Amino acid sequence: MAYLYSMTGNREASLDIFQNAAVAIIEKDGLDSIRDFRAWSKEVVRRQALNFLRSEQRHRFNCRALEPELLDAISDVFVNGPGQASSGAEFESLSECFQELDESQKRLIDLRYGSDFSFEQIARTVDSTAGAVQRSIARIRAALRACVAGRLEMGS
Amino acid sequence: MSKNSHESLVDRFFQDDLDATEQVALAELLSQSPAMRERFQSQIRTEGQLLALTARRKLEIAIVGESEPEGRNTTRADRHTHWHRWKAPGLLRRNAMVIATLAATILFLVNFFRMPSSSASAAELFMQIERASLQLVDRVYGLERIVRRDDKFQRVTGKLSCRGSRAFVAEFPKEVIGGDAQGLWCVLGSTKALKFPTLDEIEDEHVRLELGWLLRLRAEPPDQSVFSAARVLSLVRIYDYEIRALPDEQDATGVKLNALECQLANSSDLPRTVRIWSDETSKEIQRLELDWGAGERRRAADLLTFELISTEKLDDDRFRMETYLSR
């Protein structure tokens with residue numbers, strides 16, 4: 001889902017692609033004969049994502065507009081990368097770091113990631129500008145990442 | 001390009017801050033640099049974690065709403081059934097009281113600092129209304145369709161019964177339309193039943209036009225067979241309507257209502273304007289208007305309104321196609 005979100009920038013679109021891929025995988029005959037299931041299923045997801053983003057459907061979800069080269073590069077990273085999943089400790093650290101944000105910062109993250117709001121929509125909601133919202137969210141993300149890295153380092 | 005600028009290119013992608021040329025540069029960087037690929041993957045993990053975290057926060061708040069269907073004509077046994085139907089994950093189930101108290105406190109503080117309600121964020125209000133609409137309760141709405149044909153107006157009334165967003169039945173004088181997770185059905189004139197109907201199967205042009213609005217709404221992604229107020233709200237969200245707050249109102253019994261207007265610039269077959277009136281306390285939708293506009297072209301419905309009639313528990317037979325055959 002995280003890779004799909006990085007390609008689309010939209011949670012609903014990512015869910016749609018993910019569900020379509022899941023259906024394709026479930027409906028596949030002869031799953032037993034697939035030697036590397038993980039690689040194969042990643043390829044299914046990749047194709048679903050590329051088909052989706054190259055079709056008219058992406059316009060319905062306000063998806064990110066990516067250059068074809070970057071789309072291919074991201075899907076390549078997804079398929080051929082080591083696929084390091086998030087650890088429970090990482091996620092719990094993020095939750096704790098998130099609690100340290102003030103209410104307005106939490107709200108920005110909720111609106112961006114929880115509600116799929118664009119920067120413009122968030123700006124209207126919080127009575128600001130899209131540019132200011134974009135910069136604020138970038139700072140909050142950087143702060144969360146630094147906080148998580150610090151906690152994991154202390155934990156180890 | 002220096003290492004710092006490479007890292008900046010990766011990081012700025014996740015801020016939606018790259019132009020076309022920079023995107024191509026990033027693509028080349030990812031194909032050539034294992035270190036930058038690793039940085040990119042780390043950023044993607046952060047994206048995934050933030051998605052999961054915000055989803056969990058929404059779930060925690062939704063559990064408070066699901067477990068307390070207040071103001072409903074339900075028995076204690078019904079509320080118990082609703083709670084078990086939700087099947088919250090183990091950790092949340094064990095800590096449900098703590099989470100419920102925490103979420104209720106957060107909601108109280110948010111509402112307190114948003115007074116008066118006319119200063120409340122329209123988008124936040126929309127979120128609260130959408131959350132309330134997803135509660136697993138039965139609702140009955142009066143439906144009214146005003147249809148414009150060649151400068152003549154026709155008014156058709158009906159009734160919409162919804163079981164959360166799991167099943168619905170819309171009863172009109174000449175046809176009944178229903179749907180659930182298995183698909184959509186319609187009964188025409190109480191003798192002809194169609195399952196998973198398409199417009200082509202319906203021979204009567206008049207009926208085709210009358211059903212067209214519903215079948216078009218159903219066909220919009222994500223494809224669903226259930227028509228409900230929650231479904232309308234999901235379309236508002238998916239198609240990125242502009243939402244603004246209207247002045248608060250009161251209904252005939254003095255209950256205070258919040259009002260929202262949602263506009264879509266390029267509507268094609270969707271309603272151009274959706275107006276929502278909700279109970280200020282419970283956020284339950286009291287009235288919903290779908291306005292397709294002045295009718296520049298033939299449409300099955302130019303104005304469709306829902307008016308909440310009741311939230312009493314309904315018999316399961318209400319949602320079965322067989323119930324409406326040869327009545």
Side-chain angles (χ1 to χ4, degrees), chain A residues 1-3 5-6 9 11-12 14-16 19 57 60-62 64-74 76-78 81-86 90-91 94-95 98 103 106-107 109-119 121-122 124-127 134-135 137-138 141-142 144-145 148, chain B residues 11-31 34 36-38 40-58 61 106 109-110 113 119 121-124 126-127 130 220-223 234 237-240 242-244 266:
Chain A
M1 272 294 293
Y3 271 99
Y5 188 75
S6 72
R11 185 195 202 107
E12 291 286 344
S14 303
L15 280 170
D16 224 47
Q19 283 179 19
Q57 294 181 78
R60 294 175 169 177
F61 289 98
N62 197 27
R64 230 167 221 162
L66 292 186
E67 294 300 307
E69 294 90 337
L70 183 54
L71 202 51
D72 286 340
I74 294 173
D76 189 59
V77 170
F78 169 58
Q84 211 176 344
S86 294
E90 221 173 30
F91 184 70
L94 178 73
S95 301
F98 187 86
E103 285 307 314
K106 287 179 188 170
R107 193 176 170 203
I109 296 295
D110 278 338
L111 290 174
R112 180 68 177 161
Y113 290 94
S115 301
D116 258 346
F117 276 26
S118 64
F119 293 128
Q121 284 176 302
I122 297 173
R124 282 196 294 272
T125 304
V126 303
D127 196 22
Q134 194 174 7
R135 288 188 294 275
I137 289 176
R141 275 183 97 259
L144 285 172
R145 282 172 59 82
V148 168
Chain B
D11 296 348
R12 282 172 52 223
F13 169 78
F14 294 93
Q15 300 158 22
D16 280 317
D17 194 28
L18 297 185
D19 60 29
T21 307
E22 289 168 324
Q23 285 188 19
V24 173
L26 176 61
E28 201 174 318
L29 187 64
L30 290 176
S31 69
M36 289 305 112
R37 270 204 299 281
E38 200 175 311
F40 193 84
Q41 286 172 328
S42 167
Q43 286 278 13
I44 284 183
R45 278 204 305 281
T46 302
E47 293 285 89
Q49 289 161 4
L50 287 170
L51 284 174
L53 181 64
T54 51
R56 188 169 83 173
R57 280 165 59 76
K58 283 173 87 168
I61 294 171
I106 292 169
L109 288 172
V110 168
F113 286 110
S119 64
S121 146
E124 275 196 40
F126 179 84
M127 278 167 56
E130 189 174 15
E220 299 296 341
D223 185 42
S234 74
R237 180 169 38 79
I238 288 167
Y239 286 91
D240 202 18
E242 277 209 28
I243 304 173
R244 67 183 186 100
N266 300 309

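As the structure is a computational prediction, the values presented were derived from the model and not from experiment.
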A.B. asks: Looking only at heavy atoms, what is the nearest atom pair of A:S115 and B:M127, with distance?
C.D. replies: OG-SD, 3.2 Å
A.B. asks: With chain B as the partner, which of A:K106, A:R124, A:Q134 has the greatest number of non-hydrogen pairs under 4.5 Å?
C.D. replies: A:Q134
A.B. asks: Show the numbers, then the answer: is there a side-chain contact (heavy atoms from CB on, under 4.5 Å) between B:L50 and A:L144?
C.D. replies: CA-CA 10 Å; B:L50 287 170; A:L144 285 172; 3.9 Å; yes
A.B. asks: With the threshold set at 4.0 Å, does a side-chain nitrogen-carboxylate oxygen contact exist between B:D16 and A:R112?
C.D. replies: yes
A.B. asks: What distance separates B:Q15 CD from A:I137 CD1, expressed to the nearest 0.5 Å?
C.D. replies: 10.0 Å
A.B. asks: Which atom names give the shortest non-hydrogen contact between A:V77 and B:R37, and what distance separates them?
C.D. replies: CG2-CD, 3.8 Å
A.B. asks: Nearest 0.5 Å, please: how far is CZ in A:R145 from OG in B:S42?
C.D. replies: 3.5 Å
A.B. asks: Is chain B contacted by the side chain of A:L111, its backbone, both, or neither, given a heavy-atom distance below 4.5 Å?
C.D. replies: side chain
A.B. asks: I need the minimum non-hydrogen distance between B:F13 and A:S6, along with the two atoms involved.
C.D. replies: CZ-O, 3.3 Å
A.B. asks: Distance check, rounded to the nearest 0.5 Å: A:L70 atom CG versus B:L18 atom CG?
C.D. replies: 7.5 Å
A.B. asks: Counting heavy-atom pairs closer than 4.5 Å to chain B, which one of A:S14, A:S95, A:A142 comes out on top?
C.D. replies: A:S95
A.B. asks: What are the two closest non-hydrogen atoms of B:E47 and A:Y113, and how far apart are they?
C.D. replies: OE1-OH, 2.6 Å
A.B. asks: Can you tell which part of A:R135 gets under 4.5 Å to a heavy atom of chain B, answering side chain, backbone, both or neither?
C.D. replies: neither
A.B. asks: Any chance you could measure B:T54, atom OG1, to A:D116, atom CG, to the nearest 0.5 Å?
C.D. replies: 9.0 Å
A.B. asks: To the nearest 0.5 Å, what is the distance between CD on A:E67 and CD on B:E22?
C.D. replies: 11.0 Å
A.B. asks: side-chain contact (heavy atoms from CB on, under 4.5 Å) between B:Q41 and A:Y3: does it pass, once the steps are laid out?
C.D. replies: CA-CA 9 Å; B:Q41 286 172 328; A:Y3 271 99; 3.1 Å; yes
A.B. asks: So does B:D19 have more than 12 non-hydrogen atoms from other groups sitting under 6.0 Å from CG?
C.D. replies: yes
A.B. asks: Let's go through B:Q43 and A:R141 carefully: what are the C-alpha distance in whole Å and the side-chain angles of both, what is the deciding distance for side-chain contact (heavy atoms from CB on, under 4.5 Å) to 0.1 Å, and is it a yes or a no?
C.D. replies: CA-CA 10 Å; B:Q43 286 278 13; A:R141 275 183 97 259; 2.9 Å; yes
A.B. asks: Measure the CD1-CD1 distance between A:I74 and B:I44 for me, rounded to the nearest 0.5 Å.
C.D. replies: 6.5 Å
